[in-house]
Amino acid sequence: MKSKKSTIQAIVYFTIAALVIAYFFPREVKFRYQFYEGKPWKYDLLTAPGDFPIYKTDDEVRAEKDSIRHRFGPYYRMNPDEKTEQIEKLRAGYAGLLNRQTKETPYLRYIENQLNRLYDKGILPVQQLENLKRENFRQVYVVKNNVAELWNTADFHTVESACERIVSDLPVSLDADVLASFHVADYLTENLTEDRDMFEKMLNEQLKHVSLSNGMVQAGERIVDRGEVIDHKIYNMLRSLKTVHESKSAGNRRLIWIGQLVLVFGILLCCGLYMATFCPEIFFRRRNLLFTLLCMIACCLLSEIFAKHDLFNLYILPFAIVPIVVRTFFNSHTALFTHLITVLLCSLLAPFPHEFLLLQILAGVVVIFSLKELTQRSQLVRCSIFIFVTYALVYLSLSLYQEGDLGKIRWIMFLYFGINLILLLFSYTLIYIVEKLFGYTSPITLIELSNINTPILKKLSETCPGTFQHSLQVSILASAAGSEIGADTQLIRTGALYHDIGKMTHPALFTENQKGGINPHRDMPFEKSAQLIIHHVTEGVKIAEKASLPKAVIDFIRTHHGTGKTKYFYNSFRNAFPDVPVDEKLFTYPGPNPFSKETAILMMADSVEAASRSLNEYTEEKLRAQVDKLVDGQLADGLLKNAPLTFREIEMIKNSFVEKLKTMYHTRISYPDLAVTKP
């Protein structure tokens with residue numbers, strides 16, 4: 001397992017994981033202090049390291065800009081040609097009506113003077129002049145000859161008001177009826193038009209000059225001291241110091257990334273050393289290592305997205321789902337350590353890393369002791385509720401400890417914890433997805449498969465009732481022995497129920513299914529009988545693969561005889577033909593031999609249960625002798641050499657078999673018949 005190739009492979013995977021996590025880390029320099037308005041300062045005295053401006057808040061800058069936009073009046077452009085054209089039009093129109101002597105009549109001079117004066121004041125469309133009055137613009141800029149000047153809006157006219165002004169200002173020496181014959185309104189038109197381009201240009205210039213700061217902090221000036229409540233003024237100073245600090249370091253992004261990479265790689269290196277030392281079955285197996293690393297990477301990437309784009313509160317993310325999923329497929333130590341490494345990496349992005357670590361570590365511990373095995377949906381619901389209660393109590397007690405004021409508790413945090421609880425419930429679905437992607441088998445799946453109403457087991461009970469009864473007995477023996485040495489009893493129980501499903505192909509070939517004393521092997525050669533019996537292993541694998549049973553269950557079918565021999569037919573052949581060379585391959589199962597505690601226990605339980613049926617009486621001495629003979633024979637034949645069992649564990653397994661067999665085959669008392677008395 002611990003080959004040089006697998007070690008190099010694991011190092012490469014950890015390096016890639018570190019690169020991926022560090023690549024998506026925000027590149028901004030982090031301000032070393034965490035602070036909130038209205039909360040006490042938790043650090044020592046802070047003084048200004050240098051001069052820096054006190055920046056306005058975004059709301060303040062936005063409000064100031066909105067005020068400028070509201071006060072900023074429109075720009076109008078005057079067309080000087082309108083006045084000249086209309087006066088020329090006036091003269092040309094009335095030249096034919098006046099004789100040469102009266103060409104400079106007072107009426108014409110009066111109208112020309114009025115037109116000059118009105119056009120110089122400015123004539124606007126009616127709607128625009130009403131808008132100016134409604135919005136209380138007393139002055140606006142008018143661009144005349146490319147020069148912008150402030151004009152009073154009260155001097156502006158519309159065509160209608162200009163015409164009325166000409167009539168109302170008529171001297172008493174002139175006749176109004178004669179003036180009317182000039183049709184003055186025909187020579188009045190708007191000479192002011194709104195200039196939107198100039199307006200936008202000048203407005204943007206004004207907005208650019210809005211000051212982003214509001215005062216200065218001098219070097220060495222006191223900002224805040226430990227325990228002091230951060231009011232609005234102090235908050236703005238701290239926020240400004242943070243902005244200055246981060247902006248000055250913005251140019252060192254490459255150095256920041258190198259620091260992040262080294263830090264992340266160092267944390268993952270500790271994880272790798274732990275796994276290589278205490279969890280070699282994960283570190284040196286690619287599938288297991290990829291699974292644990294992907295769990296860490298997924299949580300880190302989600303945290304980075306939340307932190308970088310400020311999407312939601314970080315406590316919405318269900319970090320406790322990592323130990324739940326890892327514990328489902330591995331041991332508690334691996335689940336807890338994976339969770340610790342994950343939250344340690346994510347704490348680099350959390351606003352308050354110490355509080356974040358405290359909450360997440362305790363949540364992980366709660367997962368470990370409340371979810372020993374995920375075998376029912378109710379366990380997951382209970383675990384999620386425990387996590388929610390842990391979050392709520394720890395946060396509440398921490399807030400009271402730090403501030404001592406219920407009014408300063410952020411009650412919205414409990415909403416975030418509630419969303420976290422809901423997302424944790426989806427771990428049931430996630431476990432199913434992980435099973436399909438990585439080929440794992442969860443306890444939930446094993447429990448579902450051990451239901452005797454599943455199609456395969458139901459068919460087995462109908463076509464091979466003897467084999468089905470044998471499988472039930474083996475599952476009892478094997479799971480009891482597995483419990484004694486700390487093996488996976490649920491896996492053993494399920495594997496035992498399916499280990500002989502290959503016998504469904506030819507049920508009558510096996511003694512437990514034969515009826516009426518008919519034995520098909522009676523007239524067969526020993527070699528052929530052996531091959532037919534061996535065939536139930538390969539047939540069982542085919543049936544299991546066709547039914548998409550998990551590989552962990554199929555392993556029990558492959559290994560429950562290992563590379564042992566069909567002893568009955570092998571010994572019978574040797575006894576019948578002592579001088580004939582025997583082809584041992586014809587009498588040998590294809591294997592492989594058991595390679596785990598669980599498959600080894602099943603092999604022992606299978607042979608012990610089958611052989612125990614041949615005993616005439618079930619005393620403890622005979623049961624123990626039978627068990628010792630069978631298990632020691634398997635050891636002698638080398639069938640258990642690949643199983644990670646100690647001699648002590650094998651003795652414990654044998655003792656468990658004896659105790660169970662005594663219970664299964666105990667002698668019952670005979671019930672007395674009722675004595676019949678004669679009358």
Side-chain angles (χ1 to χ4, degrees), residues 463-471 473-474 477 499-542 556-594 600 602-619 621-642 654 657 661 665:
T463 58
C464 307
T467 300
F468 180 71
Q469 185 63 34
H470 161 72
S471 298
Q473 297 287 72
V474 171
L477 273 179
H499 79 283
D500 270 344
I501 58 175
K503 293 181 179 180
M504 290 190 293
T505 307
H506 300 290
L509 293 175
F510 303 91
T511 55
E512 67 266 23
N513 300 314
Q514 294 170 359
K515 299 177 182 179
I518 301 174
N519 188 349
H521 296 286
R522 185 171 299 165
D523 300 322
M524 288 186 191
F526 296 121
E527 303 95 316
K528 184 177 181 180
S529 293
Q531 284 297 299
L532 290 174
I533 295 299
I534 291 171
H535 195 58
H536 87 277
V537 174
T538 55
E539 283 298 312
V541 172
K542 291 179 182 177
F556 284 91
I557 302 173
R558 296 182 191 276
T559 61
H560 74 278
H561 287 294
T563 55
K565 293 182 174 60
T566 52
K567 288 290 184 71
Y568 179 86
F569 297 108
Y570 177 75
N571 293 340
S572 298
F573 182 91
R574 293 288 300 272
N575 293 334
F577 308 102
D579 299 327
V580 177
V582 59
D583 186 356
E584 297 194 358
K585 291 183 179 179
L586 297 176
F587 298 92
T588 304
Y589 286 97
N593 288 324
L602 177 67
M603 171 187 277
M604 291 184 276
D606 182 41
S607 61
V608 165
E609 199 284 331
S612 64
R613 294 175 180 270
S614 63
L615 294 176
N616 294 324
E617 62 177 317
Y618 298 98
T619 62
E621 292 77 14
K622 288 192 174 184
L623 288 173
R624 187 169 296 279
Q626 182 81 319
V627 169
D628 289 340
K629 174 185 175 183
L630 293 171
V631 175
D632 292 344
Q634 291 173 340
L635 283 169
D637 292 340
L639 301 182
L640 300 174
K641 62 183 179 181
N642 295 330
K654 291 196 292 187
F657 285 163
L661 289 172
Y665 297 109

Peer 1: Which distance, rounded to the nearest 0.5 Å, do you find between the NE2 of H506 and the SG of C464?
Peer 2: 11.0 Å

Peer 1: What's the verdict on side-chain contact (heavy atoms from CB on, under 4.5 Å) for E584 and Y570, showing C-alpha distance, side-chain angles and the deciding distance?
Peer 2: CA-CA 8 Å; E584 297 194 358; Y570 177 75; 3.2 Å; yes

Peer 1: Say you draw a straight line from CG of N571 to CZ of F587; how long is it, rounded to the nearest 0.5 Å?
Peer 2: 10.0 Å

Peer 1: Between atom OG1 of T505 and atom CD of E539, what is the distance when rounded to the nearest 0.5 Å?
Peer 2: 4.0 Å

Peer 1: Heavy-atom distance under 4.5 Å between the side chains of H535 and L509, does that happen here?
Peer 2: no

Peer 1: Less than 4.5 Å apart, side chain to side chain, heavy atoms only: is that true for L630 and M604?
Peer 2: no

Peer 1: Taking the side chain as every heavy atom from C-beta outward, state whether V582 and F577 have any atom pair closer than 4.5 Å.
Peer 2: no

Peer 1: Given the side-chain rings of F510 and H536, with only the six-membered ring counted for Trp, is the space between their centroids under 6.0 Å?
Peer 2: yes

Peer 1: Search all heavy atoms of D606 against all heavy atoms of D500 and return the closest pair with its distance.
Peer 2: OD1-OD2, 4.3 Å

Peer 1: If every non-hydrogen atom of S607 is compared with every non-hydrogen atom of Q634, which pair is closest and at what distance?
Peer 2: OG-NE2, 3.1 Å

Peer 1: If you round to the nearest 0.5 Å, how far is CG of D637 from OG1 of T563?
Peer 2: 8.5 Å

Peer 1: Check whether any side-chain heavy atom of Y589 sits under 4.5 Å from a side-chain heavy atom of I533, and report yes or no.
Peer 2: yes

Peer 1: May I ask you to check whether H499 and H561 place their ring centres under 6.0 Å from each other?
Peer 2: no

Peer 1: Check this for me: does any side-chain nitrogen of one of D632 and K654 sit under 4.0 Å from a carboxylate oxygen of the other?
Peer 2: yes

Peer 1: Where is the tightest heavy-atom contact between A600 and L640, given as atom of each residue plus distance?
Peer 2: CB-CD2, 3.9 Å

Peer 1: Any chance you could measure I534, atom CD1, to K565, atom NZ, to the nearest 0.5 Å?
Peer 2: 10.0 Å

Peer 1: Under 4.0 Å between a side-chain nitrogen and a carboxylate oxygen: does that hold for E512 and K503?
Peer 2: yes

Peer 1: Grab the two heavy atoms, one from G540 and one from I501, that are nearest each other, plus how far apart they are.
Peer 2: O-CD1, 3.7 Å

Peer 1: Mind telling me whether F569 and F526 have parallel, tilted or perpendicular rings, with 30° and 60° as the class edges?
Peer 2: tilted

Peer 1: Are side-chain N/O atoms of T467 and N513 paired as donor and acceptor at under 3.5 Å?
Peer 2: yes

Peer 1: Do you know the tightest heavy-atom contact between A530 and T566?
Peer 2: CB-OG1, 3.5 Å

Peer 1: Looking at side-chain heavy atoms only, is the closest gap between H560 and V537 below 4.5 Å?
Peer 2: yes

Peer 1: Given 3.5 Å as the limit, does a donor-acceptor pair link the side chain of Q626 with the main chain of V608, or not?
Peer 2: no

Peer 1: What distance separates T511 OG1 from H470 NE2, expressed to the nearest 0.5 Å?
Peer 2: 9.5 Å

Peer 1: Quick one: side chain to side chain donor-acceptor pair (under 3.5 Å) partners of T559, sequence neighbours excluded?
Peer 2: none

Peer 1: Just wondering, more than 12 heavy atoms not from R574 lying within 6.0 Å of its CZ?
Peer 2: no

Peer 1: With side chains defined as the heavy atoms from C-beta onward, is the minimum distance between M524 and L532 less than 4.5 Å?
Peer 2: yes

